[in-house]
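In each ligand, atom 1 is the first atom listed, and ligand 1 is the first ligand listed. We're numbering straight along the sequence, starting at 1. Computed from a predicted structure; not experimentally measured.
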Amino acid sequence: MSKMKKVMLVFGTRPEAIKMCPLVKELKAYPDKFDVAVCVTGQHREMLDQVLSVFGVVPEYDLSIMKPGQTLFDVTCSVLNKLKPVLESWGPDVVLVHGDTTTSFAAALSCFYLHIPVGHVEAGLRTYNLDSPWPEEFNRQAVDLVCKWYFAPTEVSRQNLISEGKPKERIWVTGNTGIDALKTTVTSDYSNPVLDWAAGSRLILITAHRRENLGMPMHHMFRAIRRVMEEHPDTKAVYPIHMNPTVRKAAHEELDGFDRLRIIDPLGVLDFHNFMAASYLILTDSGGIQEEAPSLGKPVLVMRDTTERPEGIKAGTLKLVGTNEETIYNEFSRLLSDKSEYLAMSHASNPYGDGKASKRIASILSA
Ligand code: UD1
Ligand code: UDP
């Protein structure tokens, strides 16, 4: 029988929490196999806490690093300095990090410095363009340099890792744990006053936050969205806005005073997933939403120049539209006016998993 493993999960932002909480719960379900500790860096605060409370996860350690307007230097240095004593005192056999945030990169680097094995959940996503998404493409490649366990969500991500020379026997295709979360949140009897407000209209759901889109690209996105919405009176939009003050400023400058578009605070994940399920289409630059939308059969216009999620493009649910105002205007207009194009993008499929990724990861770790 293999000995009990001390597993620490380190994460810090909303999307990591959404995709790691199902795994925390799965690992904690086997106290004979795993001694589990959660260490949140607090790279996000309110948006992280929202997720932890939905999943009922109470971290054993909280580094509380967030500060308003934090730079990548702030996040990296704070994680390195504050995580070191936690790792040294708790002494994990393995640390699990997720995806491509600066929390994940700095946590993996801390483990490398302390010779602690790392498992990468959502390993192998790539654009091979270090500027897009920035700095995430660097973060995920750097994490994969120091990994012992590669939990690739799809065959495409496995192939990326193999082509980089990562050891085949250390790569497992597990599905994405984000889909595990999605299986628990969407319900047919969900209701919300904001959805009541939008009832009878085609609901457009919007999110935007990427660092490389801050500044003019984001202004162009918002202008395009507003122009299209003004021409389609049967639409209403909800924009649960990221807490980044730079995003908020741009959004209010471009979108205020248009009463069929509501900017609201970030939604809890349970609410957001149900809003997705109720939407007609989604405009976003988010990564995770690109994985969730195909499962729900919701067309997504991805306002980015690159994507590391080609599976959703192949499935037909996602369309990459960049950040040029005229391109977004044309593609968004077309999707609202052309029913056959809309239907072609609306088929549900599951390229990112079957909701059992956490179970697979736990089983691999217990071996
Ligand atoms: C981070 C990740 C990005 C991920 C995104 C998910 C990096 C470099 N970026 O980007 O990969 O896609 O999270 O949302 O790791 N803020 C709050 N409260 C919160 C969260 C953020 O006030 O709960 C504000 C703060 O002013 C903070 C700013 O938002 O300084 C930006 O947060 P930060 O985590 O640095 O970057 P994100 O753009 O959120
Ligand atoms: N999400 C949420 N509330 C919101 C907007 C998004 O819970 O108001 C969820 C969404 O369902 C997805 C995740 O947050 O699971 C995506 O996070 P984000 O877009 O911040 O980061 P990314 O995936 O781009 O790294």
Side-chain angles (χ1 to χ4, degrees), residues 11-22 40-55 64-76 78-79 97-107 122 125 132-140 142-143 176-182 185-186 192 194 205-214 218 238-249 263-277 279 282-293 295-296 298 300 302-304 307-309 352:
F11 53 90
T13 65
R14 169 174 68 191
E16 295 166 85
I18 291 170
K19 292 164 166 182
M20 288 295 247
C21 283
V40 293
T41 63
Q43 177 177 338
H44 284 175
R45 188 70 277 164
E46 300 86 344
M47 287 162 57
L48 171 71
D49 293 344
Q50 265 186 327
V51 182
L52 295 174
S53 74
V54 167
F55 286 96
S64 295
I65 67 158
M66 198 197 90
K67 53 182 188 187
Q70 62 200 1
T71 66
L72 299 175
F73 292 86
D74 294 326
V75 177
T76 307
S78 302
V79 172
V97 300
H98 180 276
D100 55 20
T101 67
T102 296
T103 279
S104 310
F105 160 63
E122 200 180 277
L125 275 66
S132 177
W134 180 87
E136 289 83 0
E137 180 65 16
F138 166 80
N139 287 342
R140 58 194 172 212
V143 173
N176 196 305
T177 54
I179 305 302
D180 303 9
L182 189 67
T185 48
V186 179
N192 184 295
V194 179
L205 192 58
I206 303 164
T207 80
H209 71 82
R210 298 237 80 82
R211 269 172 203 261
E212 70 271 19
N213 290 341
L214 298 177
M218 211 162 264
V238 176
Y239 177 4
I241 196 162
H242 193 286
M243 296 199 71
N244 187 335
T246 312
V247 174
R248 292 189 162 212
K249 184 166 176 287
I263 298 178
I264 60 172
D265 277 332
L267 286 165
V269 61
L270 195 145
D271 298 295
F272 190 79
H273 285 173
N274 282 285
F275 273 56
M276 284 181 78
S279 69
I282 301 164
L283 288 140
T284 191
D285 64 6
S286 160
I289 293 169
Q290 295 179 57
E291 291 151 356
E292 295 162 347
S295 281
L296 298 170
K298 297 296 173 180
V300 181
V302 183
M303 300 183 291
R304 293 174 47 177
T307 183
E308 56 294 278
R309 277 121 175 143
Y352 297 105

- Worked check of salt bridge (Lys or Arg N to Asp or Glu O under 4.0 Å) between R309 and E122: CA-CA 11 Å; R309 277 121 175 143; E122 200 180 277; 3.5 Å; yes
- Message: With salt bridge (Lys or Arg N to Asp or Glu O under 4.0 Å) as the criterion, how do R140 and E137 come out once you've worked through the C-alpha distance, each side chain's angles and the decisive distance to 0.1 Å?
- Response: CA-CA 6 Å; R140 58 194 172 212; E137 180 65 16; 2.5 Å; yes
- Trace of the side-chain hydrogen bond (donor to acceptor under 3.5 Å, both in side chains) decision for T41 with T103: CA-CA 7 Å; T41 63; T103 279; 2.8 Å; yes
- Message: Between T76 and T102, does the side-chain hydrogen bond (donor to acceptor under 3.5 Å, both in side chains) criterion hold? Intermediate values first, please.
- Response: CA-CA 6 Å; T76 307; T102 296; 5.0 Å; no
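A distance of 13.0 Å separates CD1 of I18 from CG of D180, quoted to the nearest 0.5 Å. The OG1 atom of T185 sits 11.0 Å away from the CZ atom of F272 when rounded to the nearest 0.5 Å. Atom-to-atom distance recorded for S64:OG and Q43:CD is 13.0 Å, nearest 0.5 angstrom. To the nearest 0.5 Å, atom CG of residue D285 and atom CG of residue L214 are 9.0 Å apart. A distance of 6.5 Å separates OG in S279 from CE in M276, rounded to the nearest 0.5 Å. Summarising the geometry, atom CE belonging to M303 is positioned 10.0 Å from atom OG belonging to S286; distances are rounded to the nearest 0.5 Å.
By the criterion of a heavy-atom distance under 4.0 Å, the side chain of R210, and not its backbone, is placed next to ligand 2. At a 4.0 Å heavy-atom cut-off, ligand 1 touches E46 through backbone and side chain alike. Under 4.0 Å from ligand 1, not a single heavy atom of P133 appears. Under 4.0 angstrom from ligand 1, the non-hydrogen atoms of P135 all belong to its side chain. In E292, the part holding a heavy atom less than 4.0 Å from any atom of ligand 2 is the side chain.
Looking from atom 25 (O) of ligand 2 to the surrounding protein, the closest heavy atom is P15 CG, 3.4 Å. For atom 31 (C) of ligand 1, the closest non-hydrogen atom on the protein side is N244 ND2, 3.8 Å. Ranking the protein heavy atoms by distance from atom 34 (O) of ligand 1 puts Q43 NE2, 3.0 Å first. The protein heavy atom nearest to atom 19 (O) of ligand 2 is S286 OG, 2.8 Å. Of the protein's non-hydrogen atoms, the one nearest atom 4 (C) of ligand 2 is R14 NH1, 3.2 Å.
In this structure, M47 does not count as a contact residue of ligand 2, since none of its heavy atoms falls inside 4.0 Å of the ligand.
Atoms of ligand 1 found under 4.0 Å from any heavy atom of T102, numbered from 1 in the order shown, are 7 (C), 8 (C), 15 (O). Atoms of ligand 1 found under 4.0 Å from any heavy atom of L72 (numbered from 1 in listed order, with element): 8 (C). Taking every heavy atom of G288 and a limit of under 4.0 angstrom, the matching atoms of ligand 2 come to 22 (P), 23 (O). Set against the non-hydrogen atoms of G287, the atoms of ligand 2 under 4.0 Å away are 22 (P), 23 (O), 24 (O). Taking every non-hydrogen atom of P266 and a distance limit under 4.0 Å, the qualifying atoms of ligand 2 come out as 8 (O). In summary, the atoms of ligand 2 found under 4.0 Å from a heavy atom of L267, numbered by their order in the structure, are 2 (C), 3 (N), 4 (C), 7 (O), 8 (O).
For the residues D265, I18, L205, V269, the heavy atom positioned nearest atom 9 (C) of ligand 2 is part of I18. Across the listed options H44, E136, Q70, H44 owns the non-hydrogen atom lying nearest to atom 1 (C) of ligand 1. Of the candidates R248, R210, H209, it is H209 that places a heavy atom closest to atom 38 (O) of ligand 1. Nearest to atom 35 (O) of ligand 1 by heavy-atom distance, out of H242, R45, R211, is R211. Of all the listed residues (E16, K67, M47, M243), M47 holds the heavy atom that lies closest to atom 23 (O) of ligand 1. Selection from R14, M66, R140 by nearest heavy atom to atom 22 (O) of ligand 1 gives M66.
Looking at H242 next to ligand 2, no N or O pair under 3.5 Å apart turns up. Among the atoms of G69, some N or O lies under 3.5 angstrom from an N or O of ligand 1.
With E212 contributing its side chain and S132 its backbone, the two residues share no donor-acceptor pair below 3.5 Å. A distance-only check finds a donor-acceptor pair linking the side chain of Q50 to the backbone of P266 [under 3.5 Å]. No donor-acceptor pair under 3.5 Å is formed between the side chain of R210 and the backbone N or O of R304. Side chain of H44 to main chain of R14: a donor-acceptor pair is present (N/O by atom type, distance under 3.5 Å, no hydrogens or angles).
Using the six-membered ring where Trp is involved, H242 and H209 have ring planes that are parallel, under 30° apart on the 30 and 60° scheme.
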